[in-house]
Amino acid sequence: MNLELSASVKYWLNFFHPLIMWVLLALSLYAAYLGLQVQRTRNAQGEEKKELIKGRYNVRHHQIGSILLALMVTGSIGGMAVTYINNGKLFVGPHLLAGLGMTGLISFSAALSPYMQKGANWARVSHILINFVMLGLFTWQAITGVQIVQRILSQA
């Protein structure tokens with residue numbers, strides 16, 4: 001079975017991946033904020049700690065992280081799929097390679113969760129470092145993604 005999409009559908013598909021990724025970048029910044037609050041709660045004492053615990057930052061960080069993992073992996077696959085549908089090939093370059101790297105990094109970051117729950121400090125430090133590297137890559141991805149979208153718009 002050969003499914004052929006209309007030119008209009010193919011064109012508008014180009015913007016689904018960037019839109020999702022910008023939402024995920026914002027969600028990543030929120031997850032980073034929550035993670036910093038988890039650290040703050042862990043290091044607090046007395047009344048300050050009691051007050052911070054009420055924010056349930058650890059639960060919210062874990063939930064947002066799970067959503068990020070699922071959406072980033074499917075968003076990466078979706079971006080490659082749309083590129084292939086529209087061009088018959090993938091453009092192997094810095095944007096694709098960094099995106100694939102981010103997809104790998106988020107899986108490593110999530111895989112550290114069971115170790116962190118058991119109190120392994122090495123896992124916590126690794127998780128934080130991986131996520132800040134990923135946030136840096138994600139910011140760069142957003143910039144290069146805008147350049148790609150501009151090219152698509154100029155060809156229309």
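Heavy atoms of other residues, nucleotides or ligands lying less than 6.0 angstrom from CZ of Arg56 number 12 at most. Shown here is Lys49, whose NZ atom has more than 12 heavy atoms of other residues, nucleotides or ligands within 6.0 Å.
By the rule that hydrophobic residues join a cluster once side-chain heavy atoms approach within less than 4.5 Å of another member, Phe15 and Leu71 end up as members of separate clusters. Taken together through direct or relayed side-chain contacts under 4.5 Å among Ile, Leu, Val, Met, Phe, Trp and Tyr, Met102 and Val146 form part of one hydrophobic cluster. When hydrophobic clusters are built by joining Ile, Leu, Val, Met, Phe, Trp and Tyr residues whose side-chain heavy atoms come closer than 4.5 Å, directly or via intermediates, Trp140 is not grouped with Met134. Note on Val23 and Leu34: separate hydrophobic clusters, where clusters join Ile, Leu, Val, Met, Phe, Trp and Tyr whose side-chain heavy atoms are under 4.5 Å apart, directly or indirectly. Leu90 is not connected to Ile148 by any chain of hydrophobic side-chain contacts under 4.5 Å among Ile, Leu, Val, Met, Phe, Trp and Tyr, and they are in different clusters.
Taking the six-membered ring for Trp and thresholds of 30 and 60 degrees, His95 and His17 have ring planes more than 60 degrees apart, a perpendicular arrangement. Between Tyr30 and Tyr33, the two ring planes are parallel [angle under 30°; tilted spans 30° to 60°].
Scanning both residues, Tyr11 and Leu153, for their nearest heavy atoms gives OH-CD2, 3.3 Å. Closest approach of Gly99 and Ser76 over heavy atoms only: O-OG, 4.3 Å. Across Phe108 and Ile130, no two heavy atoms sit closer than the pair CB-CD1, 4.2 Å. For the pair Leu112 and Ala123, the tightest heavy-atom approach, listed with the atom from each and the gap, is CD1-O, 3.7 Å. Residues Val149 and Pro18 come closest through the heavy atom pair CG2-CG, 3.7 Å. Across Gln141 and Ala98, no two heavy atoms sit closer than the pair OE1-CB, 3.3 Å.
Here CG of Leu25 is found 10.0 Å from CG of Leu68. Values are rounded to the nearest 0.5 Å. Here CG of Asn14 is found 4.5 Å from CG of Asn86. Values are rounded to the nearest 0.5 Å. Atoms CG and CG, from Leu135 and Leu29 in turn, are 5.0 Å apart once rounded to the nearest 0.5 Å. Atom-to-atom distance recorded for Asn87:CG and Phe91:CZ is 4.0 Å, nearest 0.5 angstrom. Here Ile106 contributes atom CD1 and Leu69 contributes atom CG; the two are 5.5 Å apart, rounded to the nearest 0.5 Å. Atom CG of Leu96 is separated from atom CG of Leu100 by 4.5 Å, given to the nearest 0.5 angstrom.
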Exercise. Check the pair Arg40 / Glu48 against side chain to side chain contact (heavy atoms under 4.5 Å, CB included), numbers first and verdict last.
Key: CA-CA 10 Å; Arg40 203 171 135 222; Glu48 181 187 15; 3.9 Å; yes

Quiz prompt | Residue pair Gln117, His62: steps toward the side chain to side chain contact (heavy atoms under 4.5 Å, CB included) verdict | solution = CA-CA 11 Å; Gln117 289 170 347; His62 193 267; 4.0 Å; yes

Quiz item: Would Phe138 and Leu24 count as a side chain to side chain contact (heavy atoms under 4.5 Å, CB included) if you check the C-alpha gap in whole Å, the side-chain angles of each, and the deciding distance to 0.1 Å?
Solution: CA-CA 9 Å; Phe138 211 160; Leu24 290 181; 3.7 Å; yes

Practice problem: Take Leu137 and Leu105 through the side chain to side chain contact (heavy atoms under 4.5 Å, CB included) test and state the conclusion after the steps. | Solution: CA-CA 10 Å; Leu137 280 173; Leu105 286 175; 3.9 Å; yes

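In this structure the side chain of Gln39 reaches within 4.5 angstrom of the side chain of Arg124, judged on heavy atoms. For the pair Asn58/Thr41, no side-chain contact is recorded, criterion being any heavy-atom separation below 4.5 Å from C-beta on. Proximity of Val82 to Phe16: side-chain heavy atoms (C-beta onward) are nowhere separated by under 4.5 Å.
No hydrogens or angles considered: a donor-acceptor pair under 3.5 Å links the side chains of His127 and Asn131.
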